[in-house]
Amino acid sequence: MWLLILGLVLFLGVHSIRIFANDWRDQQFARLGEKKWRGLYSVISIIGFVLLIYGFGQARLQPVLLYVPPMWLRHLNALFTLIAFILIAAAYVPNNHFKARLGHPMLAGVKTWAFGHLLATGMLHDVVLFGAFLLWAVLDFVVSRRRDRLAGTVYPAGTVRGDAITVLAGLVGWAVFAFALHAWLIGVKPMG
């Protein structure tokens, strides 16, 4: 469990700099330059991500049950995860209404993914992982939206074409992950 927590601290910590220390981040970015800052940020992110994945796998070997979710919540999680994939796709597909409306659809997608998984799982390691991501995504979404309002940020208007590409990309990504990659990478078959 400690490796999972350390991984979360590193990964979410570096991703929280703009939440808690945006001015410091800007100073370091200016002092180090873009390449060095992004390199350092990436190295810490990768180390944190590897530690949280390994730590999660190790924590699963000694499960601690906190609650038993009803089966229908596990099915509902598939819908939450589909929505999350569409929102994450919206962060990258230009001119879609999701990004125009939310501004930060990836954070909305992480919130949706984490919330769905908290509903569907009941082990301590699940609550630590998904709870940490949910808390981080909520905080980052609120701070990012506030920063957008203060800066007067306006996102490009969405189009039907942009929405269609976003939904299709999210649906395909979700299907590939749900029916193939999740079992291979995580060891759990969500659809079987």
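One is the number of the first residue; the rest follow in order along the sequence. Everything quoted here is computed from the prediction, not taken from an experiment.
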Enquirer: Indicate the atoms forming the closest heavy-atom contact of Arg145 with Gly103, along with that distance.
Expert: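 Closest pair (atom of Arg145, atom of Gly103, distance): NH1-N, 3.7 Å.
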Enquirer: Hey, what do you get for CE (Met1) to NE2 (His125), rounding to the nearest 0.5 Å?
Expert: 7.5 Å
Enquirer: List the atom of Leu119, the atom of Pro69, and the distance in Å for their closest heavy-atom pair.
Expert: O-CB, 3.1 Å
Enquirer: Quick one: CG on Leu87 to NE2 on His104, what's the gap to the nearest 0.5 Å?
Expert: 13.5 Å
Enquirer: Ignoring hydrogens, what is the shortest heavy-atom contact between Gly170 and Ala89? Give both atom names and the distance.
Expert: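 Nearest pair, atom of Gly170 first, then Ala89: N-CB, 3.9 Å.
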Enquirer: What distance do Leu12 atom CG and Leu139 atom CG have between them, rounded to the nearest 0.5 Å?
Expert: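 Output value for this atom pair is 10.5 Å.
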Enquirer: Side chains of Phe56 and Val128: does their closest heavy-atom pair fall under 4.5 Å?
Expert: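 They are not in side-chain contact.
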Enquirer: Mind checking whether Leu118 and Leu124 sit in one hydrophobic cluster, side chains of I, L, V, M, F, W, Y counted as touching below 4.5 Å?
Expert: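 Yes: a chain of side-chain contacts under 4.5 Å links Leu118 to Leu124.
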Enquirer: Does a side-chain heavy-atom distance below 4.5 Å link Met123 with Thr121?
Expert: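 Answer no - side chains too far apart.
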Enquirer: Go through the steps to decide whether Val138 and Lys111 satisfy the test side chain to side chain contact (heavy atoms under 4.5 Å, CB included), and finish with yes or no.
Expert: CA-CA 7 Å; Val138 167; Lys111 288 191 301 186; 3.6 Å; yes
Enquirer: Could you grab the distance from atom CG of Leu73 to atom OH of Tyr67, nearest 0.5 Å is fine?
Expert: 9.0 Å
Enquirer: Write down the atom of Thr159, the atom of His97, and the distance for their closest heavy-atom approach.
Expert: N-CE1, 3.6 Å
Enquirer: Kindly assign one of parallel, tilted or perpendicular to the pair Trp24 and Trp37, based on the angle between their ring planes and the thresholds 30° and 60°.
Expert: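 Geometry flag for Trp37 against Trp24: perpendicular rings.
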Enquirer: Report yes if some heavy atom in the side chain of Leu185 is under 4.5 Å from a heavy atom in the side chain of Phe177; otherwise report no.
Expert: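 Contact flag for Leu185/Phe177 side chains = yes.
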Enquirer: To check you understand the geometry: which heavy-atom pair defines the closest contact between Pro156 and Asn95, and what is its length?
Expert: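 Heavy-atom minimum between the residues: CB-OD1, 3.7 Å.
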Enquirer: Any chance you could lay out the side chain to side chain contact (heavy atoms under 4.5 Å, CB included) test for Leu10 and Val14, step after step, and finish with the verdict?
Expert: CA-CA 6 Å; Leu10 289 173; Val14 77; over 6 Å; no
Enquirer: Check whether Asp148 reaches the backbone of Thr153 with its side chain - one donor and one acceptor, N or O, closer than 3.5 Å.
Expert: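 No: the side chain of Asp148 does not pair with the backbone of Thr153.
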Enquirer: Is there a side-chain contact between Ser144 and Leu107 (heavy atoms, below 4.5 Å)?
Expert: yes
Enquirer: May I ask whether Val143 and Phe20 are part of the same hydrophobic cluster, defined by side-chain heavy atoms of I, L, V, M, F, W, Y residues being less than 4.5 angstrom apart, directly or through others?
Expert: yes
Enquirer: Please determine whether the number of non-hydrogen atoms from other residues, nucleotides or ligands lying under 6.0 Å from atom CZ of Arg18 exceeds 12.
Expert: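 Check passes, neighbour count above 12.
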Enquirer: Using the rule that two of Ile, Leu, Val, Met, Phe, Trp, Tyr join whenever any of their side-chain heavy atoms come within less than 4.5 Å, decide whether Val154 and Leu102 are in one cluster.
Expert: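 Per the 4.5 Å side-chain linkage, Val154 and Leu102 are not co-clustered.
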Enquirer: Please report whether the ring centroid of Tyr41 lies less than 6.0 Å from that of His15.
Expert: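 Yes: the rings meet the under 6.0 Å criterion.
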Enquirer: Is a side-chain donor or acceptor of Asn96 paired with a backbone partner of Val93 at a separation under 3.5 angstrom?
Expert: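 Yes.
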Enquirer: Is it true that Gln28 and Arg31 share a donor-acceptor pair across their side chains at a distance under 3.5 Å?
Expert: yes
Enquirer: Any chain of hydrophobic side-chain contacts (each under 4.5 Å) joining Ile165 to Val172?
Expert: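 No.
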Enquirer: Within this structure, what is the CZ-CD1 distance for the pair Phe141 and Ile19, rounded to the nearest 0.5 Å?
Expert: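 Phe141 atom CZ to Ile19 atom CD1 measures 12.5 Å (nearest 0.5 Å).
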Enquirer: Please examine the side chains of Ile83 and Trp174, heavy atoms only from C-beta on, and report whether any two atoms are closer than 4.5 Å.
Expert: no
Enquirer: Given the rule that I, L, V, M, F, W and Y join up when any side-chain heavy atoms are under 4.5 Å apart, are Tyr155 and Phe98 in one cluster?
Expert: no
Enquirer: Is the shortest side-chain heavy-atom distance between Leu52 and Leu129 below 4.5 Å?
Expert: yes
Enquirer: To the nearest 0.5 Å, tell me how far Phe130 CZ sits from Leu134 CG.
Expert: 11.0 Å
Enquirer: Please check: side-chain N/O of Tyr92 versus main-chain N/O of Thr166, any donor-acceptor pairing under 3.5 Å?
Expert: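 Not a single qualifying donor-acceptor pair exists.
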Enquirer: Step by step, work out the side chain to side chain contact (heavy atoms under 4.5 Å, CB included) result for Asp140 and Met106.
Expert: CA-CA 11 Å; Asp140 201 4; Met106 179 169 292; over 6 Å; no
Enquirer: Would a line drawn from the ring center of Phe133 to the ring center of Trp113 be shorter than 6.0 Å?
Expert: yes
Enquirer: Answer yes or no: does atom OH of Tyr54 have more than 12 heavy-atom neighbours from other residues, nucleotides or ligands under 6.0 Å?
Expert: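 Open.
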Enquirer: Are the side chains of Leu171 and Leu82 in contact, using a 4.5 Å heavy-atom criterion?
Expert: yes
Enquirer: Please determine whether the number of non-hydrogen atoms from other residues, nucleotides or ligands lying under 6.0 Å from atom CZ of Phe80 exceeds 12.
Expert: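 More than 12 within 6.0 Å, yes.
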Enquirer: For the residue pair Trp136 and Ser16, what are the closest heavy atoms and their distance?
Expert: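 Heavy atoms only, the tightest pair is CD1-OG, 3.1 Å.
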Enquirer: Is there a side-chain contact between Leu150 and Arg146 in this structure, where contact means two heavy atoms from C-beta onward sitting under 4.5 Å apart?
Expert: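 When only atoms from C-beta onward are counted, Arg146 and Leu150 do touch, with a gap below 4.5 Å.
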